[in-house]
Amino acid sequence: MELLQYPLELAVALERSQLPEIFKYAWWVYPAVNTGHIIGLAMLFGSILPLDLRMMGLWRSIPLYDLARPLTRIALLGGIIAIATGIALLSAKARLYVNAPVFWAKSGFFTLALLNALLLRFNKPWRYLAQVDSRGTIPRFKSAGFLSLISWLGVLICGRMFGYL
C-alpha cells in the first residue's frame with residue numbers, strides 16, 4: 001500500500017487547503033463549480049469527438065487542418081476549465097475519491113488521452129498538416145482518433161461514476 005501513500009497525502013493536503021472552503025461560502029458555489037466542470041467537459045469532448053471521427057475517416061471533404069485548428073483550441077480551453085473545476089470538486093472529498101478504483105481508472109484514461117494527444121501533436125505528419133492536402137487520413141491519424149475517442153469516453157464514464165461513491 002506504499003504506492004497509495006503519496007496520493008493519499010496529497011488528498012489530505014487538498015482537503016485541508018482553503019479550496020474546500022469555497023463550497024461553504026454559499027449554497028450555490030458547489031453547483032456553480034460543478035456546472036463549470038460540465039461546460040469544460042462539453043467543450044472538450046464536443047470538440048474532440050468530431051476531430052477524432054474526422055481523423056478516423058469521416059467527412060473527408062473537409063480538410064483535416066481546417067477542422068483541427070479551431071477544434072483543438074476549443075478542446076484545450078475546455079480541458080483547462082475542466083481540470084481547474086475538477087480539482088476544486090475533488091477537494092471536497094479527496095480521500096474518498098483517491099481510495100476509489102474508479103479514480104484510478106479515470107486517471108489512467110486521462111493520462112492515455114493526454115499522451116495520445118501529445119504524441120499526435122509532435123508527429124511529423126500532424127506538424128505539416130497545413131502544407132499538404134489533408135482531405136485524406138493516414139493510419140497514424142486513424143489510430144490516434146480511435147484511441148482518443150476511447151480514452152475520453154473512459155474519462156467521462158468514470159467521472160460520472162463519482163456521483164455514486
Quick check for you: to the nearest 0.5 Å, what is the distance between S148 atom OG and F146 atom CZ?
11.0 Å
Taking all non-hydrogen atoms of both residues, which atom of W126 and which atom of L120 are closest, and how far apart?
CB-O, 3.1 Å
Co-membership, hydrophobic cluster, residues V33 and W28, 4.5 Å side-chain
yes
Here the pair of heavy atoms bringing T85 nearest to I81 is OG1-O, 2.8 Å
Pairwise distance CD1(I74) to CZ(R69) - rounded to 0.5 angstrom:
11.5 Å
Can you find a pair of side-chain heavy atoms, one from L119 and one from R140, that are under 4.5 Å apart?
yes
Between A94 and L14 the two heavy atoms that sit nearest each other are CB-CD2, 4.2 Å
Counting neighbours of CZ on F162 that are heavy atoms of other residues, nucleotides or ligands and sit closer than 6.0 Å, is the number greater than 12?
yes
Ignoring hydrogens and geometry, is there a side-chain-to-backbone donor-acceptor pair from R54 to I62 under 3.5 Å?
yes
I would like to know whether V102 and Y97 meet side chain to side chain contact (heavy atoms under 4.5 Å, CB included); could you show each step before the answer?
CA-CA 8 Å; V102 72; Y97 293 148; over 6 Å; no
Could you check whether any side-chain heavy atom of F45 comes within less than 4.5 Å of a side-chain heavy atom of L153, counting everything from C-beta outward?
yes
As an exercise, state the distance from OG1 of T111 to NZ of K106, rounded to the nearest 0.5 Å.
11.5 Å
If two hydrophobic side chains count as joined below 4.5 Å and joins carry through other members, does L156 share a cluster with L114?
yes
If you count the non-hydrogen atoms of other residues, nucleotides and ligands that lie under 6.0 Å from CD in E21, is the total more than 12?
yes
Using every non-hydrogen atom in the two residues, find where L44 and A75 come nearest and quote the distance to one decimal.
CD1-O, 3.4 Å
First locate atom CE of M55, then atom CD1 of I48, and finally report the distance between them rounded to the nearest 0.5 Å.
7.5 Å
Hey, are the side chains of F110 and C158 touching, using non-hydrogen atoms and a 4.5 Å cut-off?
no
Distance (rounded to the nearest 0.5 Å) between M56 CE and L51 CG
10.5 Å
According to a hydrophobic-cluster definition based on side-chain heavy atoms being under 4.5 Å apart (Ile, Leu, Val, Met, Phe, Trp, Tyr only), do V155 and L49 belong together?
yes
Would a single hydrophobic cluster contain both W104 and L96, if residues Ile, Leu, Val, Met, Phe, Trp and Tyr are joined by side-chain heavy-atom contacts under 4.5 Å?
yes
I'd like to check N116 versus S151 (side-chain heavy atoms, cut-off strictly below 4.5 Å). Are they in contact?
no
Heavy-atom side-chain proximity of L8 to N99 below 4.5 angstrom
yes
State, with a plain yes or no, whether a side-chain heavy atom of L129 is found less than 4.5 Å away from one of F141.
yes
Do you reckon L58 sits in the same ILVMFWY cluster as L64, going by side-chain contacts under 4.5 Å, direct or chained?
yes
So which atom in P20 and which in E15 form the shortest heavy-atom distance, rounded to 0.1 Å?
CG-O, 3.3 Å
Where is the tightest heavy-atom contact between L71 and S47, given as atom of each residue plus distance?
O-CB, 3.3 Å
Side-chain contact test, heavy atoms from C-beta onward, threshold under 4.5 Å: evaluate it for R73 versus L77 and give yes or no.
no
Rounded to the nearest 0.5 Å, what separates atom CZ in F23 from atom CG in N34?
8.5 Å
Between F109 and W152, is there a side-chain heavy-atom distance shorter than 4.5 Å?
no
